[in-house]
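Some notes on the structure that comes next.
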Amino acid sequence: MEFSKEEVEHIASLARLSLSEEEKELFGSQLSSILRYMEKLNKLDTRGIEPTSHVLSLSNVMRDDIPGPSLPKEEALMNAPDHTDKFYRVPKIIE
Amino acid sequence: MRYEAVIGLEVHAQMLTDAKIFCGCSTKFGSEPNTQTCPVCIGMPGVLPVLNKKVLEFAIKTGIATNCKISPYSRFARKNYFYPDLPKGYQISQYELPICEYGNVEIVVDGEIKKIGITRIHMEEDAGKNIHEGGGNYSFVDLNRTGVPLMEIVSEPDIRSPLEAIEYMKKLRTILRYLGVCDGNMEQGSLRCDANVSVRPLGQKEFGIKTEIKNLNSFKFVEKALEYEIKRQIKILDEGGRIEQETRLWNTERGITEPMRSKEEAHDYRYFPEPDLVPITVEQRWIDEINESLPELPDKKRHRFVSGYGLPEYDSDLLTSEKPLADWFEMAVSLGGQPKAISNWIMGDLMRFLNEDTKTIEECPLKPKQLVDMLKLIENGTISGKIAKTVFQEIYKTGKDAEIIVKEKGLVQISDSGAIEKAVDDMIAKNPKEVERFKGGEEKLMGFFVGQVMKLTKGKANPQMVNELLKKKLS
């Protein structure tokens, strides 16, 4: 299966990536080769085998409903590209 | 042409846990912004979410209470999209294999029972809160709510009118509150819903094209938005137009729904199984344990009120809408009150007083025993039903018992035939013209005469005796 230019652009826009024409070309062919590899795996006979959604054969790892300490506000906000003393600040979302 | 609306609701209920769904941050409402977050809920690289066991328990409880099948094997999925209130760039939710499926709840509309199917209930994390006001070219983000556990309860498209939608929402709220898994507070956003709406010509089997109305956070908005949207769609179809499949928002100020202005690529969420969380398996033994721990649920209670106390569906539905209200009623019945009489007093004056004072039944100053004692005074003829209304209000206001109020205010019913006869004679003497007309055949004047006698006795005359005496004297 080959990726069309439109599909590459769609995936890039979903990921909020802006790509140059060369990059679209390059990533398109790389993604296509990944899919071709998956095609090979698809040839395996998996009838009667449960789909795997997790590599560990564990289930029900849970915690109790007990609140613990949170980060100080200053530490939580410090990695954001922009913030005030209380909030994360982002470009206006709704007009 | 006549149309029929087809409505399905997706209800989001915040769960009443102390900690968030995948980390130990507090879920407390109303704290200072961005003080209840940690590397897990704000999506720092390399952290691992771990499921809060109570969230699973609450989802199972809700599933049992809505007659769902509890999935023996369930897992989480990632829903990928970008929005400033979603720090990870994906929401951990469930997609295939939700925890509960194939349920239903009963609603009562116009005294008739109707079943509304539940497609699924799944667990997911809430997003943060965006604040748009007062920031000029900026919006602000508070991530305290990020990771607060939610249940999404998805109904079948079984709802046919805004009224049914409200009744369904109310029933879910009642169930969630009985179970103690959600406080049902719509103002604070702990219960909110999205509505899928379409219309079709009456009798047609296929569904019409639907729109989705997002984020309705009060019963009134649900009703208004649905009414508007149904009318809007019918108008388009009547004019030969086509419904656009789209997401709309309810504009409270203008009272209309409008298309959501957004450039997001049409719902391309690329769900996939969440690799950071292991699957969930639920053993029947645990389901049984949870089942045994449940309180009597509203539908069962309602049926019992109908069959056990002989109450109409309407009364039973209202009395069981809040567990404390049902408890109040049953307490009064157990003290010897007649069920229908108690129900009438609760649904009439008591609810009105409580609403006026915005009090809950738990804060009610009038106790079940006080109502029952008052009912006994009516039964034994000490006070009339009319006077009882005054007495009831006094009990509510002062907390004093009925007997004391009746004595203090001299409200004892006059059952002394001599005294009543005198009042009747006085009345006849005062209204010779009316008496003449009555004798001439204007029988409806009887009501007027009774009223006049009651007036003369300040409402205290035994109405039955007044009636009998009047009939005797005027015939």
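Proteins come first, then strands; the chains are lettered A, B, ... in the order of their sequence lines, and each starts at number 1. Only a predicted model underlies this, so the values are computations on that prediction, with no experimental measurement involved.
Checking side-chain atoms of D65(A) against main-chain N and O of T17(B) turns up no donor-acceptor pair under 3.5 Å. Without hydrogens or angle criteria, K54(B) side chain to D64(A) main chain gives no donor-acceptor distance under 3.5 Å. With hydrogens and angles ignored, the 3.5 Å screen pairs a side-chain donor or acceptor of H54(A) with a backbone N or O of P275(B). Remark: the backbone N or O of I66(A) is not paired with any side-chain donor or acceptor of D18(B) at under 3.5 angstrom.
A salt bridge between E32(B) and K73(A) is present, with a side-chain N of the basic residue lying under 4.0 Å from a carboxylate O of the acidic one.
Ranking S57(A), A15(A), P69(A) against chain B, the residue ahead of the rest is A15(A), based on heavy-atom pairs under 4.5 Å. Interface remark: of the candidates P273(B), P33(B), C38(B), P33(B) forms the most heavy-atom pairs closer than 4.5 Å to chain A. Each of L277(B), L56(B), N80(B) has some count of heavy-atom pairs under 4.5 Å with chain A, and the biggest count is that of L277(B).
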Kindly determine whether Y88(A) and I42(B) satisfy side-chain contact (heavy atoms from CB on, under 4.5 Å), including the steps that lead there. CA-CA 12 Å; Y88(A) 298 90; I42(B) 57 178; 4.0 Å; yes
Carefully, step by step, assess D82(A) and Y138(B) under the rule side-chain contact (heavy atoms from CB on, under 4.5 Å). CA-CA 10 Å; D82(A) 192 10; Y138(B) 295 99; 3.9 Å; yes
K86(A) and D142(B): side-chain contact (heavy atoms from CB on, under 4.5 Å), yes or no, with the steps? CA-CA 8 Å; K86(A) 283 191 183 123; D142(B) 172 10; over 6 Å; no
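For I280(B) against N60(A), the heavy-atom pair with the smallest separation is CA-OD1, 3.1 Å. The two atoms that bring V141(B) and F87(A) nearest to each other are O-CD2, 3.6 Å, heavy atoms only.
Proximity to chain B is limited to the side chain of T84(A), based on heavy atoms less than 4.5 angstrom apart. Contacts of N52(B) with chain A are made by both backbone and side-chain atoms, with heavy-atom separations under 4.5 Å. If you measure heavy-atom distances from P39(B) to chain A, the contacts under 4.5 Å come from both the backbone and the side chain.
Judged purely by distance below 3.5 Å, without hydrogens or angles, the side chains of H83(A) and N34(B) never pair a donor atom with an acceptor atom.
Atom OG of S70(A) is separated from atom CG of L143(B) by 11.5 Å, given to the nearest 0.5 angstrom.
At least one test fails for R16(A) against the ring of F82(B): distance under 6.0 Å to the centre or angle within 45° of the axis.
No more than 12 heavy atoms of other residues, nucleotides or ligands lie within 6.0 Å of CD in E25(A), so this atom counts as exposed by the packing criterion. Taking a 6.0 Å sphere around NZ of K24(A), one finds it holds more than 12 heavy atoms contributed by other residues, nucleotides or ligands. Surrounding CD of E50(A) are at most 12 heavy atoms belonging to other residues, nucleotides or ligands under 6.0 Å away. For N42(A), the CG atom sits in a packed shell: over 12 heavy atoms of surrounding residues, nucleotides or ligands are nearer than 6.0 Å.
Under the side-chain contact (heavy atoms from CB on, under 4.5 Å) criterion, R47(A) pairs with D45(A), not counting sequence neighbours.
At a heavy-atom cut-off of under 4.5 Å, chain A is reached by A19(B), F22(B), C23(B), G24(B), C25(B), S26(B) from residues 19-26 of chain B, listed in order of number.
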